[in-house]
Amino acid sequence: MGGFIAKESEKFERFSDWFDNVLLTARIADNRYPVKGFIVYLENGWFVIERVRRRLEELLEEDGHLPMYYPLVATLENFSREAEHIKGFMGEVFAVGKLRTGENEAQQETPLILRPTSETIMYPMFALWISNHSDLPLKVHQSCAVYRYETKATRALYRVREIPWNEAHTAHASRGEAEEQVRKAVEIYRKVLDELGIAYLILRRPDFDKFAGAEYSIAFDAWNPDGKVNQVATVHNLGTNFSRVFGIVFEKREGGKEYAWQLCYGFGYSRVLAAVIAQHGDDLGPIFPPWVAPIQIVVVPIPYKGREAEVYEYAKRVYGLLRPGFRVRLDDREDVTPGEKYYYWERRGVPLRVEVGPRDVEKSAVVLARRDTGEKFSVPIEMLREEVAKVLEDIARSLSERSKRRLSEQIVDAPSLEEGARNVELGKICRVSWCGSEECALSLKSSLGAEVRGYRYDVDEKSDRPCIVCGSPGKTYLYVSRAY
RNA sequence: GGGGCCGUGGUCGAGCAUGGUCUAAGAUGCCUGGCUUGGGCCCAGGAGGUCGUGGGUUCAAAUCCCACCGGCCCCA
């Protein structure tokens, strides 16, 4: 009763081809839409995003974030208020205006811009709503799409021009309160990603790579089979940089006025979906963690000549038993062989298969087959529901563990620049000792040929080695890797 | 920002060098029927292509030239 042996050579060796293929055959996304950087999310991809969205929003709202929806467009004037912000984004904004329909129609008005992120759309409103300490904290969130005119090569889900995400924005009465919110935001994102079994590093970005207009930025970098890390979420402490230019001022309890302390943080749905596919998938296709799987269980009848009726009857019964509580599908197509059905659903990422044939009818049992390991085992029908629940849980757990293991295998300590450069070449995430100076971090970028992703936020990593660049005593470790 | 490669049914892909034999190979996927059914079986039949788009060269363009669109890769 052997299953298959999961292979991942294609995924690791030819990631690009593998990924594009999987998107289409597993009905996740279709990137043939004829506008660069825009894709169609198909039923399975969108299902996963919707599940993740609901869970994230639930956690945000438990923490007091109010759901709102802000306009897609902004005036160029508002967008330009914060100097660093506009510097960081100006090169990639979409402009919109009325389509000129006639030759002699007057020159069009100053174009509006499509949000590349919503600070400059939300904060003028914050200024209207916040006037005193009792108006704080203000926490809002929205799930929407933002638009960034990427000029580099785009890639479905990873680097797109229409980015589905959730963005949260908060305003607080003190620096300390804002700092506390940074920790809460990190916890919320961590929770969702952990539930998906995604393995990542939480890194504080070097100053030269922080969000345009932020005091500092924290990012979640997920590993990817091609060695380029995938930034799936970020948390930014804005300090009072934006409240100063948008006039978000509150009257303090003890009198006097103060600029509000602000945060913004974003969680990229399409990149999280990419991480789920890329980290958990194998050469056959994706393996969806059960709680986000569009179909969790597929029931495949194995009819034999002369015994079709009883097998189909039994399969229906099994299906009926699983229906309440599970997203289950009965594949009773009669002109397709069971083996073909196995492949069909495996390619679509269904985490668990239930096989029922004449042998099972006789024994009042079923065979469960795990998508992640290929393992098969027989379960008596009285135990069906509990066993299925247990196995699904175990699949989630083992996907998560396997992914964490992969991440730690991908991180390599580099004692020298040469070693580091070589490992970058091999698609590793290099951990290097660092003295803490901006110059040294900046120079790593060119000497290793990769992005400096920052140092650990959640773990205090003390370095006892000299800085890899300047040789002076190291303070902590920097992570350097190619990136999306 | 700089450089290179590529675009042929849904998907992959032969053909392009040396224009004509292309009424465009093959595979896979899809549809019909039969056979089979504990891992993609087999047999028979079928649908599906303005050769990315526009222009040019030519008696003749999938093939040569230009522009645009789209995709991939490398370097900053």
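Atom set for the values below is all heavy atoms of this structure, side chains included, hydrogens, waters and symmetry mates excluded. Lettering of chains follows the sequences in order, A, B, ..., and the numbering in each one begins at 1.
Side-chain contact annotation: A:W223 with A:S403, donor-acceptor N/O pair under 3.5 Å present. There is no side-chain donor-acceptor pair under 3.5 Å between A:N78 and A:T120. For A:S400 and A:K404, the side-chain atoms include at least one donor-acceptor pair closer than 3.5 Å. Defined by atom type and a distance below 3.5 Å, a donor-acceptor pair is missing between the side-chain atoms of A:D209 and A:S217. The closest side-chain donor-acceptor pair between A:S16 and A:D226, if any, does not fall under 3.5 angstrom.
Both A:G449 and A:P358 sit near RNA chain B, but only A:P358 has its closest nucleotide nearer the 5' end. Nearest-nucleotide positions on RNA chain B for A:R333 and A:P338 put A:R333 closer to the 5' end.
Here the separation of B:rU63 from B:rC51, taken at their P atoms, is 9 Å to the nearest Å. Spacing between B:rC43 and B:rA61 at atom C1', rounded to whole Å, works out to 41 Å. Taking atom P on both B:rG1 and B:rU53, the two are 28 Å apart, rounded to the nearest angstrom. A distance of about 32 Å separates the C1' atoms of B:rG29 and B:rC68, rounded to the whole Å. Look at the C1' atom in both B:rA60 and B:rC16: the space between them is 16 Å, to the nearest Å. Comparing B:rG7 with B:rA14, their P atoms are spaced 9 Å from each other, to the whole Å. On the P atoms, B:rA17 is 12 Å away from B:rA62, given to the nearest whole Å. Spacing between B:rG52 and B:rC6 at atom C1', rounded to whole Å, works out to 12 Å.
One can find a donor-acceptor pair under 3.5 Å joining the base of B:rG39 and the side-chain atoms of A:E346. Looking at A:D360, its side chain comes within 3.5 Å of the base of B:rG38 through a donor and an acceptor atom. Residue A:Y342 places no side-chain atom within donor-acceptor reach of the base of B:rG39, judged by atom type and a 3.5 Å distance cut-off alone.
The backbone N or O of A:I202 sits nowhere less than 3.5 Å from a side-chain atom of A:D221 that would complete a donor-acceptor pair. Judged by distance alone, the side chain of A:E419 and the main-chain N or O of A:A414 form no donor-acceptor pair under 3.5 Å. Put simply, the side chain of A:R385 gets close to the backbone of A:L321: a donor and an acceptor are under 3.5 Å apart.
Atom NZ of A:K363 is separated from atom P of B:rG38 by 17 Å (rounded to the nearest Å). At whole-Å resolution of the value, CZ in A:R348 and C1' in B:rG40 are 13 Å apart. Residue A:D17 contributes atom CG, which lies 13 Å from atom C1' of B:rG13 at whole-angstrom precision. Rounding to whole angstrom units, CZ of residue A:R359 and C1' of B:rU37 are separated by 12 Å. At whole-Å resolution of the value, NZ in A:K341 and C1' in B:rC41 are 15 Å apart. Per the geometry, CG belonging to A:D283 stands 17 Å off C1' belonging to B:rG39, to the nearest Å. A straight line from CG of A:D335 to C1' of B:rU36 spans 12 Å, rounded to a whole angstrom. The CZ atom of A:R159 sits 10 Å away from the P atom of B:rC73 (whole-angstrom rounding).
Taken residue by residue, residues 295-311 of chain A places heavy atoms nearer than 4.0 Å to RNA chain B at A:I302, A:P303, A:Y304, A:K305. Listed in residue order, the members of residues 32-41 of chain A having a heavy atom less than 4.0 Å from RNA chain B are A:R32, A:P34, A:K36, A:G37.
Residues A:D20 and A:R155 approach most closely at OD1-NH1, 4.4 Å, considering heavy atoms.
The base-pairing partner of B:rC69, taking Watson-Crick or G-U wobble contacts with both distances under 3.5 Å, is B:rG7. Across the strands present, B:rC59 finds its partner in B:rG20; the criterion is a Watson-Crick or G-U wobble pair with both atom distances under 3.5 angstrom.
A:E340 comes within contact range of the sugar-phosphate backbone alone, with a heavy-atom separation under 4.0 Å but no base atom that close.
Contact between the side-chain N/O atoms of A:T154 and the OP1/OP2 oxygens of B:rG71 is found at a separation under 4.0 Å. The phosphate of B:rC73 (OP1 or OP2) has a side-chain N or O of A:R155 nearer than 4.0 angstrom. OP1 or OP2 of B:rC73 has at least one side-chain nitrogen or oxygen of A:S16 nearer than 4.0 Å.
Salt-bridge annotation for A:E461 and A:R431: present, with a side-chain N of the basic residue lying under 4.0 Å from a carboxylate O of the acidic one. Between A:E362 and A:R359 there is no salt bridge, since no side-chain N of the basic residue sits under 4.0 Å from a carboxylate O of the acidic one.
Checked against B:rU11, B:rG38, B:rG40, the side chain of A:L24 finds its nearest nucleotide in B:rU11.
Partner of A:R406 under the side-chain hydrogen bond (donor to acceptor under 3.5 Å, both in side chains) criterion, chosen from A:E401, A:Q279, A:E8: A:E8.
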